[in-house]
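Everything on this sheet refers to the single structure shown next.
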Amino acid sequence: MRWLRSGLARLIGFLSRDRAHDDIQEELQAHVELETAELVRRGLPPALARRRALIASGGLAEAAEAVRDQRTLPLLETLVADLRYAFRSLWHSPGFTVLVVITLALGIGANTAIFSVVRGVLLKPLPHRDGDRLVYLRQSADGPGAANLTFSVPEVRDLRNGVTSLAGIAEFSTWGVVHQTEEGAWGIGAGLVTGNYFEVMGLSPILGRVTEPRDDGPGAAPVAVLAHEYWLQRFGGDSGVVGRIMVLNRQPVTVIGVLQPAPFFPEREDVLLNLVNSTHHLGAAMQEGRTHRMTEVVARLRPGTSLEQVKAEVATVYGRLQRADPDAYPAGSGYRVTVIPFKTVMGERARLTLILLMASAAFVLIVSAANVANLTLIRGIRREHELVVRAALGAGAARLRRLVLAENLALAALGAVLGAGLAMAGTPVLVALAARYSTRASEIRLDGVVLGFTVIVALVVALVLSYLAALPREGGIAERIQAGKERTGGNRNGWRIQRSLVVVQVAVTVILLAGAGLLTRTLIHLANVSSGLANENVLTMQVTLLTWNEMRDANAVAAARQQVERIRQEIGGLPGVVGVGMGGTLPLRSSGYYNLLQAEGGPLARPGEAMPRVEFRTADPEFFQAAGIPILRGRSFTTAEEWRPVVIVNQVLADQLFPGVDPVGRRLAWKADWMPDSLHWTTIVGVAGSTRDGGLDHEPRSVVYAPMGHMAGNSAGLVIRTKGRADGVIGAATHVVRRVAPLALIDEVMTIPQYREKNVSPQRLNALLISLFGLLAVILAAVGVAGVVAFSVSVRTRELGIRMSLGADAGAIRSIVLREGGGLVAVGLVLGLVGAELSAGVIRGLLFGVAPGDPVTFAGVVLIMVGIGLLACWIPAARAARIDPAVSMRA
Amino acid sequence: MVARREIQQGTLALMILKTLETLGPLHGYGIARRIEETSGQRITLNYGTLYPALLKLEQEGIVRSEWRQSESNRRAKYYGLTPAGRRQLARETRDWHATADLIAAFLAPKGPAR
């Protein structure tokens, strides 16, 4: 409490400075007089007595100063004065100030901007009530498409009954619906949720209510909760929306409420519906099928339980249900359930990219701060005289340090303000980038925490800069003053720091360049990788004619088939179109369906071995030709085979199942999670080329194609081959679909080149951003190298002049300077290459077609850095060579 | 000649408080004289040491000050203990003795029986 009281007293003293000032003078005066009087009384002559008294005081001015320091807050007091002085002195060297502020602003701005994304996407608490107690359960297995299997209803039921450490388990399944209004029909994202979903998620309505347990089951009325964004977008934020009927998939659904703003999960959903909206969800296949998995599971930890407890309990329960049904969980397939904090799941896809960006931004800051440090050091040496004079006049080292600190604080503050402005300008770009990785991108903003981060970064930069600066040592002041002119050489300490800074700059720049190079090479590889389609003059569109519920209606299905046939024929007749094929899924996109396969003769799976998991797709006879997928052996389907048990395998699967043998004519059997029957035997009629269906950056995987009749789909993937570029027929083809089937939903209208471009755009943005950072670092580092070498030349002018007068020619002088700069660059380059080699593994997950230690990239980096280094040294070297010895030695 | 001693951090406050308790309200000069005398001239007090210390004690509410006429009819600032100051003195005296005893026990020539 006492320090608080004295602190308060001092703060008051600080705020009301001048009043008590004379008090202490008077008190000290009284002291002297009392002591003088005493000495006189002891018999000393008055003059001598006074002199003694003054000597004993130890200096009245110092005493008054010490008391004043105690009276107020000297640090704060001098800081204010120092800042005022700093701004004044910066004002007088505008060139230096502008250069430093811009350099710092780039570094601080980059960090502020990236941190705003990191905070919005990874760090910010979720808007969900007690969001840190939410967990996501993920079931996965080995094999393609098995990273997230989701859960079946029976599995959820078992978990719900067995795991007591979870307060609630909610179910969610992604669903596509068509929202039909008087103005038109829109395909929107929907989620089918259990009644407890919002309770578990900790989300509340801002209007009306959310679903409750009474909305579960077949007897409930179909209801919808609008997502906040969709409510604003489609209903204009109308507060009278509750109770209104919306037509979803041609069925009336009552709007019961509007949800609070919350990030979408797992992807964009515009409405959340109770399960009765889908006949399928309450049907036997879904309710009873243990492997019929299409439910995401979110749960809430019971208060007082830890994540570890839940993990252990889930593992126990899951182990039990695995043992109870070995058929559903084949041994060797690696079935497992992981419990992940919900917040982690929300940021999962963004994490690696953001770490990369944050590290790059930090590197840019290091390079820019090093530049500023060098500039201030050079300036510091130029004004060493001023500091020495100040020291001689009684300013202690701490006082000088504070002066330097104030100046750096002023610079950092200006840099931070400008940097925050830059970050604000860059935010829209970053939000667009983050939106590719996270549904939380809309939460990115420069809020108090982000600005607090900016302030801390600026403070740290200012502190580091201040403590790098060399100050006249207290003992050495007299020496310095005597040294007079020679002072311009600066002290060795300062020089060592400057050289180290340049080395650090070069090293960090090299690491950034290596990262940029690797990502750019990744991008180039992706742009050139063969998709598997022989010719990419193809337009694709996904046309959805039926709702899932309508697929149970034979008449609707027949009508839809007729419509599709008409669409095909009319598009086929358009000028420029050379073929129209159809498949359940468009080429280069994942179907999302997987089968477990066995080749004729072998067991379904040997004990302890996973059954091959294979992507399942459907195709009509023209699909392969239209898509440009070559038939390597055998033939395509025929029209007569639509319902027949025949399949076409891709090359990858052929090699996997029948190595070295012609698979045509062989038989294989499949079973699938989503099919009730056990085994389907089919005959292979052809082998198709492999295509990159899991994304351009994934190797082609095993695919089995069946004729269209084998999987009832509600939508048709139209593959339209054109003579020239496919863009030309987009308008005409869509027009045909709209005319023939006005209520159909048309998605994915894209040519293959457009699709590829969309596919690589995250990598493009990554490469672009890191390259931008790399470019920034290169420029800053070049300025840094040039600055330090130029300064060294200016300091050594006289020495170089002597050398020249002793016979060194311009070339020799140039090479002296070049050697000096080149040495620094070389050391930095080596350190940077080692650093890049060590750290490149971190971004392995973002690379495609290049190894983290890619020699081509590293060679390129060396070439660039050496070139830039030479260029940066050449300018001062050339200037040094023009030194006139006569002039320099007279100086 | 006795060596001049640096005053240990914190002990000056205790000396000032004890002086004020013994002699009652006193001006800075008086406090300095008393401390120097009590120390047998082993301590000399700079103004630059004494007055900041007094101000600190005042800020902490342990002493208070007022301007008065001195015995020699000069105006001087007198310092006196506050009630909080008396409590503080009692506490610090206790602590000091406890510490001194402890250190003495450590430095005693003959330790406990082996």
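Naming: A, B, ... by sequence-line order, numbering from 1 per chain.
For CZ of B:Arg75, the number of neighbouring non-hydrogen atoms (other residues, nucleotides, ligands) closer than 6.0 Å is greater than 12. Summarising the local packing, CZ of B:Arg68 is surrounded by more than 12 heavy atoms from other residues, nucleotides or ligands at distances under 6.0 Å. Around atom NE2 of B:His97, no more than 12 heavy atoms belonging to other residues, nucleotides or ligands sit under 6.0 Å away.
Across all non-hydrogen atoms, the minimal contact from B:Leu55 to A:Val67 is CD2-O, 3.4 Å. Considering all non-hydrogen atoms of both residues, A:Ala66 and B:Gly48 come closest at CB-O, 3.7 Å.
Chain A forms the most heavy-atom pairs under 4.5 Å with one residue out of B:Tyr51, B:Trp67, B:Tyr47, and that residue is B:Tyr47.
Proximity to chain B is limited to the backbone of A:Ala53, based on heavy atoms less than 4.5 angstrom apart. With a threshold of 4.5 angstrom between heavy atoms, B:Ala84 does not approach chain A through any atom at all. In this structure, chain B has no heavy atom under 4.5 Å from any part of A:Ala64.
Between A:Glu35 and B:Arg33, none of the side-chain N atoms (NZ, or NE/NH1/NH2) sits under 4.0 Å from a carboxylate O, so this pair counts as no salt bridge.
With values rounded to the nearest 0.5 angstrom, A:His31 atom NE2 is found 7.0 Å from B:Tyr29 atom OH. If you take CG on A:Leu34 and NE2 on B:His27, they are separated by 4.5 Å, rounding to the nearest 0.5 Å.
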List the steps and the verdict of salt bridge (charged side-chain N to carboxylate O under 4.0 Å, His left out) for B:Lys77 and A:Glu26.
CA-CA 9 Å; B:Lys77 200 174 186 180; A:Glu26 197 181 343; over 6 Å; no
